[in-house]
Q: 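Pasting a structure here, questions to come.
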Amino acid sequence: MAEVATEQAITRPMMPGPRESKPPPARVRSPPAARVAMVQGVYYVAMGLWPILDLKTFMLATGPKLEGWLTKGVGSCMANVGAALAAAGARGKVARELRLLGVTTALSFAAMDFWYAGVRRRISRVYLANGITQLGFAAAWGFAAWRESRETRRLPEAAFA
């Protein structure tokens with residue numbers, strides 16, 4: 001018998017079967033505190049850099065300021081706090097100290113906004129909207145702490161049910 005050699009190239013690659021193919025990786029969701037830190041951090045960086053980059057439009061939106069350097073100083077402090085929160089949120093792990101910083105900063109800004117824009121009427125009423133936003137951040141930190149404590153108390157799911 002004559003041997004016939006076939007040296008034809010395979011035109012298409014071999015596709016793995018269902019047992020050989022790897023499942024797609026599961027999408028890992030960041031913890032609630034990391035999401036709150038990221039949102040609050042981005043907000044603080046944006047609002048803090050605004051008076052530094054363009055003081056005129058900032059004063060158009062929020063009213064006249066007697067001391068531009070003081071407005072820029074508060075803005076830079078706000079941007080620094082925001083950068084720390086956003087970095088921790090992007091990493092996915094928010095230390096207790098940064099959680100405390102996020103909550104207390106939000107409550108401090110809310111107290112100043114409601115006192116000086118609402119009760120004393122020394123600054124523009126636009127700051128009342130910022131005060132409501134700050135209370136939202138404080139509530140979000142509380143909700144994140146509640147969710148994380150609830151998840152740690154939950155029983156693990158059975159591997160084979």
Side-chain angles (χ1 to χ4, degrees), residues 22-161:
K22 293 181 182 178
R27 191 175 143 214
V28 178
R29 196 167 179 175
S30 61
R35 293 192 299 262
V36 174
M38 182 61 94
V39 171
Q40 186 178 8
V42 168
Y43 179 81
Y44 279 11
V45 167
M47 292 297 113
L49 289 179
W50 185 13
I52 295 169
L53 298 176
D54 194 0
L55 186 60
K56 288 181 182 179
T57 61
F58 183 79
M59 287 195 296
L60 282 174
T62 62
K65 308 285 184 262
L66 297 176
E67 302 286 342
W69 67 268
L70 183 60
T71 304
K72 291 180 179 183
V74 172
S76 65
C77 290
M78 186 180 210
N80 291 335
V81 170
L85 289 171
R91 187 183 66 181
K93 293 182 180 180
V94 184
R96 287 183 187 164
E97 294 84 2
L98 284 175
R99 294 170 192 236
L100 181 65
L101 180 68
V103 171
T104 56
T105 304
L107 291 175
S108 297
F109 278 128
M112 288 187 291
D113 291 340
F114 290 132
W115 179 254
Y116 288 107
V119 176
R120 300 283 310 267
R121 296 189 182 189
R122 301 270 303 161
I123 57 177
S124 171
R125 294 207 160 285
V126 170
Y127 284 98
L128 293 175
N130 184 55
I132 292 169
T133 303
Q134 300 300 329
L135 288 180
F137 286 138
W141 280 110
F143 181 73
W146 174 77
R147 286 281 309 265
E148 289 176 357
S149 71
R150 191 183 80 171
E151 288 175 5
T152 58
R153 285 183 271 141
R154 197 166 56 185
L155 294 173
E157 295 179 11
F160 300 102

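Please read these numbers as outputs of a predicted model, since none were measured by experiment.
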Q: Please identify each residue that fulfils side-chain contact (heavy atoms from CB on, under 4.5 Å) with Arg120, with sequence neighbours left out.
A: Trp115, Tyr116, Arg122
Q: Could you grab the distance from atom CG of Leu49 to atom NZ of Lys72, nearest 0.5 Å is fine?
A: 12.0 Å
Q: Heavy atoms only: give me the nearest Val45-Ala83 pair and the separation to one decimal.
A: CG2-N, 3.5 Å
Q: Under the rule for side-chain contact (heavy atoms from CB on, under 4.5 Å), what residues qualify as partners of Arg150, not counting sequence neighbours?
A: Trp146, Arg147, Arg153
Q: Side chains of residues 54-62: which donor-acceptor pairs under 3.5 Å do they make with residues two or more places apart or in other chains?
A:
residue : atom : partner : partner atom : Å
Asp54   : OD2  : Thr57   : OG1          : 3.1
Thr57   : OG1  : Trp50   : NE1          : 3.0
Thr57   : OG1  : Asp54   : O            : 3.2
Thr62   : OG1  : Phe58   : O            : 2.7
Thr62   : OG1  : Lys65   : NZ           : 3.0

Q: Let me have the donor-acceptor pairs involving side chains of residues 89-102, under 3.5 Å, with sequence neighbours excluded, atom names and distances please.
A:
residue : atom : partner : partner atom : Å
Arg91   : NE   : Lys93   : O            : 3.4
Arg91   : NH2  : Lys93   : O            : 2.5
Arg99   : NE   : Val94   : O            : 2.9
Arg99   : NH1  : Glu148  : OE1          : 2.7
Arg99   : NH2  : Val94   : O            : 3.4
Arg99   : NH2  : Glu148  : OE1          : 3.2

Q: Name all pairs fulfilling the ring-ring contact (aromatic ring centres under 6.0 Å, His included) condition that reach into residues 61-110, sequence neighbours left out, sorted by first residue then second.
A: Tyr44-Phe109
Q: Of all the heavy-atom pairs spanning Gly75 and Ile52, show the shortest one and how long it is.
A: C-CD1, 4.1 Å
Q: Can you sort out the partners of Ser124 under side-chain contact (heavy atoms from CB on, under 4.5 Å), two or more places apart, ordered by chain and number?
A: Val126, Tyr127
Q: Can Leu135 and Leu107 be said to form a side chain to side chain contact (heavy atoms under 4.5 Å, CB included), step by step?
A: CA-CA 7 Å; Leu135 288 180; Leu107 291 175; 4.3 Å; yes
Q: What are the two closest heavy atoms between Ala110 and Gly131, and how far apart are they?
A: CB-O, 3.8 Å
Q: Please identify each residue that fulfils side-chain contact (heavy atoms from CB on, under 4.5 Å) with Ile132, with sequence neighbours left out.
A: Phe114
Q: So, using ring-ring contact (aromatic ring centres under 6.0 Å, His included) as the criterion, who are the partners of Tyr43 when residues are at least two apart?
A: Phe137
Q: Minimum heavy-atom separation for Ala34 to Ser30, with atom names?
A: CB-CB, 4.2 Å
Q: Once rounded to the nearest 0.5 Å, what's the spacing between atom CD of Gln40 and atom CD of Gln134?
A: 6.5 Å
Q: Do any pairs count as a salt bridge (charged side-chain N to carboxylate O under 4.0 Å, His left out) and have a residue in residues 34-51, sequence neighbours left out, and if so which ones?
A: none
